[in-house]
Student: 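The structure that follows is given in the form of structure tokens.
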Amino acid sequence: MQKREELYRGKAKTVYRTDDENLLVLHFRNDTSAFDGQKVEQLQRKGMVNNKFNHYIMQKLEAAGIPTQMEQLLSDDECLVKKLEMIPVECVVRNRAAGSICRRLGVEEGLVLNPPTFEFFLKNDALHDPMVNEYHIRSFGWAKDEHIAKMKELTFKVNDVLTALFDAGGMVLVDYKLEFGLFNGEIVLGDEFSPDGCRLWDKETNKKMDKDRFRQGLGDVIEAYEEVANRIGLTF
Ligand code: TMP
Ligand code: ASP
């Protein structure tokens with residue numbers, strides 16, 4: 001497999017074509033962004049940590065029967081993935097209230113959401129990722145009914161697998177965001193799962209161990225990501 005030209009540069013990852021039209025290389029950079037790209041900093045080791053973290057999680061999800069785009073780890077900060085036709089919506093499950101739901105609905109951070117709640121957001125920084133519903137997704141042609149249903153089913157299945165994994169490491173999976181795409185007409189989990197796109201709290205102390213440390217200027221961002229990794233059995 002030969003890496004070819006850059007296809008797309010996101011806020012934290014760069015996507016490259018390869019000599020196989022069905023495969024892409026994801027390069028995880030040290031860039032860390034928040035607030036729709038308004039706050040951006042370079043954090044040492046972040047590309048490596050998130051790349052290896054994502055590969056580890058995707059392997060766990062594959063083992064649980066969830067189709068992912070992951071093919072293999074290529075280097076410290078690169079992995080090989082299937083090329084998906086990405087669906088421009090983000091799927092968010094929340095087990096506890098935090099972040100935007102607290103602002104929108106005036107609920108206190110930490111409120112247990114039982115059953116967990118599900119939200120769709122449109123992936124559009126210029127519009128600040130507005131919340132959308134299934135009617136929007138259908139009317140604007142972002143995804144078909146069967147694919148909407150599959151994304152919801154898989155996002156909740158990920159919740160079962162990862163809630164248990166993080167619980168065993170003494171952490172609460174508060175919420176997370178997933179992105180899906182189509183490969184040969186089938187819904188497949190794409191993008192990444194890392195502490196950049198989820199919230200994780202220490203079960204005993206409620207210490208924040210995710211990107212909220214960066215958003216809120218709490219410090220020790222990558223140290224916290226590394227601790228999360230170590231607690232679920234991944235060492236660097
Ligand atoms: P929110 O509280 O900002 O709506 O985010 C909910 C979770 O989803 C949180 O863990 C962060 C993640 N997320 C992203 O990583 N990127 C996004 O663009 C959005 C909307 C959420
Ligand atoms: N990842 C998004 C951004 O960089 C949203 C966030 O995490 O705040 O803006």
Side-chain angles (χ1 to χ4, degrees), residues 1 3-29 31-34 36-37 47 50-51 53-55 57-59 61-62 65-74 77-93 118-159 162 175-198 211:
M1 189 283 305
K3 186 172 154 187
R4 293 266 164 90
E5 80 277 11
E6 180 178 317
L7 176 64
Y8 175 78
R9 186 181 166 90
K11 293 193 294 283
K13 297 190 290 298
T14 308
V15 183
Y16 294 88
R17 288 189 199 277
T18 69
D19 55 359
D20 183 333
E21 63 175 7
N22 289 314
L23 297 175
L24 299 172
V25 171
L26 296 186
H27 172 223
F28 286 69
R29 308 194 312 272
D31 294 330
T32 312
S33 83
D36 306 317
N50 276 5
N51 181 43
F53 194 101
N54 178 54
H55 177 256
I57 294 286
M58 292 295 169
Q59 278 186 315
L61 296 178
E62 282 281 351
I66 295 158
T68 80
Q69 74 176 156
M70 182 57 65
E71 289 285 309
Q72 65 180 93
L73 206 56
L74 292 176
D77 57 5
E78 289 178 314
C79 65
L80 186 67
V81 298
K82 291 184 196 73
K83 183 176 196 292
L84 308 185
E85 195 186 313
M86 293 305 290
I87 292 172
V89 298
E90 304 182 330
C91 300
V92 170
V93 160
F118 184 102
E119 295 166 341
F120 285 114
F121 294 89
L122 176 64
K123 195 173 162 70
N124 186 321
D125 279 340
L127 299 177
H128 305 294
D129 292 347
M131 190 160 75
V132 293
N133 65 34
E134 296 182 25
Y135 289 88
H136 298 117
I137 298 176
R138 282 193 287 266
S139 299
F140 290 102
W142 297 322
K144 291 196 244 176
D145 273 358
E146 66 192 273
H147 296 149
I148 295 170
K150 193 72 188 176
M151 289 194 289
K152 284 199 291 189
E153 178 198 320
L154 291 175
T155 303
F156 277 115
K157 195 164 173 187
V158 166
N159 200 32
L162 296 188
D175 61 26
Y176 56 92
K177 179 265 301 179
L178 301 180
E179 294 180 31
F180 293 89
L182 292 170
F183 188 77
N184 293 334
E186 296 294 323
I187 287 286
V188 171
L189 177 60
D191 191 50
E192 73 180 89
F193 189 101
S194 74
D196 267 6
C198 68
K211 198 158 88 173

Student: Salt bridge or not between Asp31 and Arg9? Use side-chain N to carboxylate O under 4.0 Å.
Tutor: yes
Student: Do Leu74 and Met1 make a side-chain contact, defined as non-hydrogen atoms from C-beta onward lying under 4.5 Å apart?
Tutor: yes
Student: Any non-hydrogen side-chain atom of Leu162 less than 4.5 Å from a side-chain atom of Leu61?
Tutor: yes
Student: Out of curiosity, Phe180 CZ to Ile87 CD1, how far, rounded to the nearest 0.5 Å?
Tutor: 9.0 Å
Student: What distance do Ile187 atom CD1 and Leu182 atom CG have between them, rounded to the nearest 0.5 Å?
Tutor: 4.5 Å
Student: Which atom pair, heavy atoms only, marks the closest approach of Asn51 to Glu78?
Tutor: ND2-N, 3.0 Å
Student: Is Lys82 atom NZ crowded by more than 12 heavy atoms from other residues, nucleotides or ligands, each under 6.0 Å away?
Tutor: yes
Student: Is there a side-chain contact between Leu189 and Leu154 in this structure, where contact means two heavy atoms from C-beta onward sitting under 4.5 Å apart?
Tutor: no
Student: What's the shortest heavy-atom distance between Pro195 and Asn50, and which atoms?
Tutor: CD-OD1, 3.9 Å
Student: Might you work through the side-chain contact (heavy atoms from CB on, under 4.5 Å) test for Ile57 and Thr68, ending with a clear yes or no?
Tutor: CA-CA 10 Å; Ile57 294 286; Thr68 80; over 6 Å; no
Student: Within the distance-only criterion (no hydrogens, no angle test), does the side chain of Ser194 pair as donor or acceptor with the backbone N or O of Phe53 below 3.5 angstrom?
Tutor: no
Student: From Gln72 CD over to Met58 CE, what is the distance, rounded to the nearest 0.5 angstrom?
Tutor: 15.5 Å
Student: Output the distance between atom CG (Asp145) and atom NZ (Lys150), rounded to the nearest 0.5 Å.
Tutor: 15.0 Å
Student: Between Glu179 and Glu90 (side chain of the first, backbone of the second, donor and acceptor by atom type, cut-off under 3.5 Å), is there such a pair?
Tutor: no
Student: May I ask you to check whether over 12 heavy atoms, not counting those of Glu21, lie within 6.0 Å of atom CD?
Tutor: no
Student: For Cys79 versus Met70, what's the shortest heavy-atom pair and its separation?
Tutor: SG-CE, 3.8 Å
Student: What are the two closest heavy atoms between Lys211 and Ser33, and how far apart are they?
Tutor: NZ-O, 2.6 Å
Student: Where the side chain of Asn124 meets the backbone of Asp129, is there a donor-acceptor pair that is under 3.5 Å apart?
Tutor: no
Student: For the side chain of Arg29 and the backbone of Lys11, is there at least one donor-acceptor N/O pair under 3.5 Å apart?
Tutor: yes
Student: Take atom CD of Glu134 as the centre, draw a 6.0 Å sphere, and report whether it contains more than 12 heavy atoms from other residues, nucleotides or ligands.
Tutor: yes
Student: Counting N and O atoms only, with roles assigned by atom type, does the side chain of Tyr8 sit under 3.5 Å from a partner on the main chain of Lys13, one being a donor and the other an acceptor?
Tutor: no
Student: Can you give me the closest heavy-atom contact between His136 and Asn133, atom names plus distance?
Tutor: ND1-N, 2.9 Å
Student: Would you please classify the geometry between the Phe156 ring and the Phe118 ring as parallel, tilted or perpendicular, with 30° and 60° separating the classes?
Tutor: tilted
Student: Search all heavy atoms of His27 against all heavy atoms of Tyr16 and return the closest pair with its distance.
Tutor: CB-CE1, 3.8 Å
Student: Please check if the number of heavy atoms outside Glu6 that lie under 6.0 Å from its CD is greater than 12.
Tutor: yes
Student: To the nearest 0.5 Å, what is the distance between CE on Met151 and CD on Glu146?
Tutor: 11.0 Å
Student: Measure the spacing between CG of Leu73 and CG of Leu26 and express it to the nearest 0.5 Å.
Tutor: 11.0 Å
Student: Quick check: do Ile148 and Phe120 have side-chain heavy atoms less than 4.5 Å from each other?
Tutor: yes
Student: Do Val93 and Tyr176 have side-chain heavy atoms sitting under 4.5 Å apart?
Tutor: yes
Student: May I ask you to test the Leu24-Gln69 pair for a side-chain heavy-atom distance under 4.5 Å?
Tutor: no
Student: Is the backbone of Lys83 close enough, under 3.5 Å, to the side chain of Asn22 for a donor and an acceptor to pair up by distance?
Tutor: no
